[in-house]
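Some notes on the structure that comes next.
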Amino acid sequence: MTPPLLGRHRAKDGPAFDPALDDAGLAAARDDLVRGRWSAARRLLARTGEDWDRRGHRVVVLARGTASAAWAREWQLAEPGSADAAVLLACATVFRALRGQDSPGTARALCRAAAAMAPRDPTPWLAVLLLARATGGHDERARAFDQVRARHPAHHHAHHLMAACLAEHQEGDHDDPLHEVYDFAAWAAEEAPPGSPLALLPVVAHAERYRVLARAGLTDPDPARSGHWATPRARQVLRAAFDWWLEWDTGTPGDTGTPTAPAAHPRRLVDLNHLAHAKHHEGRHAEAAALLTRIGPHATRAPWSYPDRDPAAAFRAARRAALGVA
């Protein structure tokens, strides 16, 4: 019997919560890997080269499958010198550890081995950071993040992970406007090169803080009633983020863009979902409509699921409010 394809969780006429986003080559290689055919993943990673954000995105998506570690191990046995096989096995074992199917120690050892095979590649350290977010302390997370940044200072996924980690530091019973996650996101946005989607990290930080506050019972669990996106600080962040999008995201859906434009970035749709979610809850429906049109079917679970919501229902509600359709 053919196993079901992973990652494509799309109800009829609903959003596609596919971690591959709009990377058709990645989706095809992932679906082949589910069936035990790793040659497409091999070709895909070879073509990716040193586009580190794209490599990290592709490795993480390929590694999520429940059988990915077994097939990566088979690939490594066939090609023991392959750094691509080593990093896929390491990342897949991290996901096994996160599911309680393997030990964190085994996953860390495989990540170190993959890092030794490709010293310039930040992807093994991204896998360490994924593991540390769930099983490590602040120092371990910071060390892994520093290792990623040493190899690729503007690494998109690593900055998102650190924002999520920092947002979870909670002291007191309110949202401190000087919280470290806001400082971190502002710093990263300022340090990022022109056109980098890290310009939108302050919006991500705002959503991550809402997630933490709502789950702790410190703000309304209904984002529409929370007022979290209506404060003067939030409005300033959102205005700057939307202006940045208007300036830089000038392509058309499906366009590969230029090497510096966000249309070329493999995870740009993650940022656009955060910005659309924020604009929806700010009550700026015309701006949300433009973003939702750009997103199309490529919804992401975060932040529509925050704090504990059905992301498909939340996404459809935003589309109805902004576009008049679900």
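All residue numbers in this chain count up from 1 along the given sequence.
Taking the charged nitrogens against the carboxylate oxygens, Arg151 and Asp121 have no contact shorter than 4.0 Å, which rules out a salt bridge. Checked for salt-bridge contact, Arg268 and Asp249 miss the test: no charged N lies under 4.0 Å from a carboxylate O. Classification of Arg143 and Glu140 as a salt-bridged pair fails, no side-chain N sitting under 4.0 Å from a carboxylate O. With salt bridges taken as basic N to acidic carboxylate O contacts below 4.0 Å, one links Arg30 and Asp18. Using a cutoff of 4.0 Å between basic side-chain nitrogens and carboxylate oxygens, Arg37 and Glu74 are not scored as salt-bridged.
Pairing each heavy atom of Val148 with each of Leu126, the nearest pair is CG2-N, 3.6 Å. Of all heavy-atom pairs between Asp53 and His157, the closest is OD1-N, 4.5 Å. For the pair Ala167 and Val212, the tightest heavy-atom approach, listed with the atom from each and the gap, is O-CG2, 3.4 Å. The heavy-atom pair separating Phe315 from Ile295 by the smallest distance is CZ-CG2, 4.2 Å. The minimum heavy-atom distance between Trp187 and His159, with the atom names listed, is CZ3-NE2, 4.5 Å. Ala322 and Leu292 get closest at one heavy-atom pair: CB-CD1, 3.9 Å.
For the pair Arg133 (side chain) and Arg141 (backbone), a donor-acceptor distance under 3.5 Å is absent. Tyr210 places no side-chain N or O within 3.5 Å of a backbone atom of Thr219 that could act as its donor or acceptor partner.
A tilted orientation is assigned to the rings of His280 and His285, their planes being inclined by 30° to 60°. Ring-plane geometry between His274 and His160 is classed as perpendicular, the angle between the planes exceeding 60 degrees on a 0 to 90 degree scale with a lower cut at 30.
There is a side-chain donor-acceptor pair under 3.5 Å between Thr135 and Arg108. Between Asp271 and His156, the side chains place a donor N or O and an acceptor N or O closer than 3.5 Å (distance only, hydrogens not considered). Remark: the Gln170 side chain and the Arg215 side chain contain no N/O donor-acceptor pair separated by less than 3.5 Å. There is a side-chain donor-acceptor pair under 3.5 Å between Tyr182 and Asp175.
Applying the ring-ring contact (aromatic ring centres under 6.0 Å, His included) test to residues at least two apart or on different chains, the pairs with a partner in residues 115-141 are His138-His169. The side chain to side chain donor-acceptor pair (under 3.5 Å) pairs that include a residue from residues 82-94 are Arg55-Asp84, where partners are two or more places apart or lie in different chains. Applying the ring-ring contact (aromatic ring centres under 6.0 Å, His included) test to pairs two or more places apart or on separate chains, those with a residue in residues 56-77 are Trp38-Trp75.
Atom CZ of Arg120 is surrounded by 12 or fewer heavy atoms from other residues, nucleotides or ligands within 6.0 Å. No more than 12 heavy-atom neighbours from other residues, nucleotides or ligands sit within 6.0 angstrom of CZ on Arg42. Atom CD of Gln236 has 12 or fewer heavy atoms from other residues, nucleotides or ligands within 6.0 Å.
In terms of hydrophobic clustering, with Ile, Leu, Val, Met, Phe, Trp and Tyr side chains grouped at heavy-atom distances under 4.5 Å, Val181 and Phe145 are assigned to a common cluster. At a threshold of 4.5 Å between side-chain heavy atoms, the hydrophobic network of Ile, Leu, Val, Met, Phe, Trp and Tyr places Val61 and Val87 in one connected group. Note: the hydrophobic cluster containing Trp244 also contains Leu269 (ILVMFWY, side chain heavy atoms under 4.5 Å, direct or indirect links). Tyr306 is not connected to Met162 by any chain of hydrophobic side-chain contacts under 4.5 Å among Ile, Leu, Val, Met, Phe, Trp and Tyr, and they are in different clusters. Side-chain heavy atoms closer than 4.5 Å link hydrophobic residues (I, L, V, M, F, W, Y) into clusters, and following such links, even through other members, never connects Leu21 to Leu161.
Note: Trp52 and His155 fail the aromatic proximity criterion, with ring centroids not under 6.0 Å apart.
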Original post:
Checking side chain to side chain donor-acceptor pair (under 3.5 Å) for the pair Asn273/His298: CA distance, chi angles, key distance, verdict?
Top reply: CA-CA 9 Å; Asn273 273 269; His298 302 295; over 6 Å; no

**OP:** Could you walk me through whether Cys91 and Val60 pass the side-chain contact (heavy atoms from CB on, under 4.5 Å) test, one step at a time?
**Re:** CA-CA 7 Å; Cys91 196; Val60 167; 4.1 Å; yes

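The CG atom of Asp308 lies 10.0 Å from the CZ atom of Arg211; values are rounded to the nearest 0.5 Å. Distance check: Ser305 OG to Asp310 CG gives 9.5 Å after rounding to the nearest 0.5 Å. To the nearest 0.5 angstrom, Leu275 atom CG is 11.5 Å from Arg284 atom CZ. Note: Ser68 OG to Leu62 CG = 7.0 Å, rounded to the nearest 0.5 Å. Between atom CG of residue Asp23 and atom OG1 of residue Thr48 there is a gap of 8.0 Å, rounded to the nearest 0.5 Å. Separation of atoms CD (Glu180) and SG (Cys165) is listed at 10.5 Å; rounding is to 0.5 Å.
Within the hydrophobic cluster formed by Ile, Leu, Val, Met, Phe, Trp and Tyr side chains joined at under 4.5 Å, directly or through other members, Leu77 stands alone, with no partner residue.
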Without placing hydrogens or testing angles, list every side-chain donor-acceptor pair under 3.5 Å for residues 197-207, not counting sequence neighbours.
{"residue": "His206", "atom": "NE2", "partner": "His228", "partner atom": "O", "Å": "2.8"}
{"residue": "His206", "atom": "NE2", "partner": "His228", "partner atom": "NE2", "Å": "3.4"}

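The ring pair (Phe, Tyr, Trp, His ring centres under 6.0 Å) check on Phe242 picks up Trp245, with sequence neighbours excluded.
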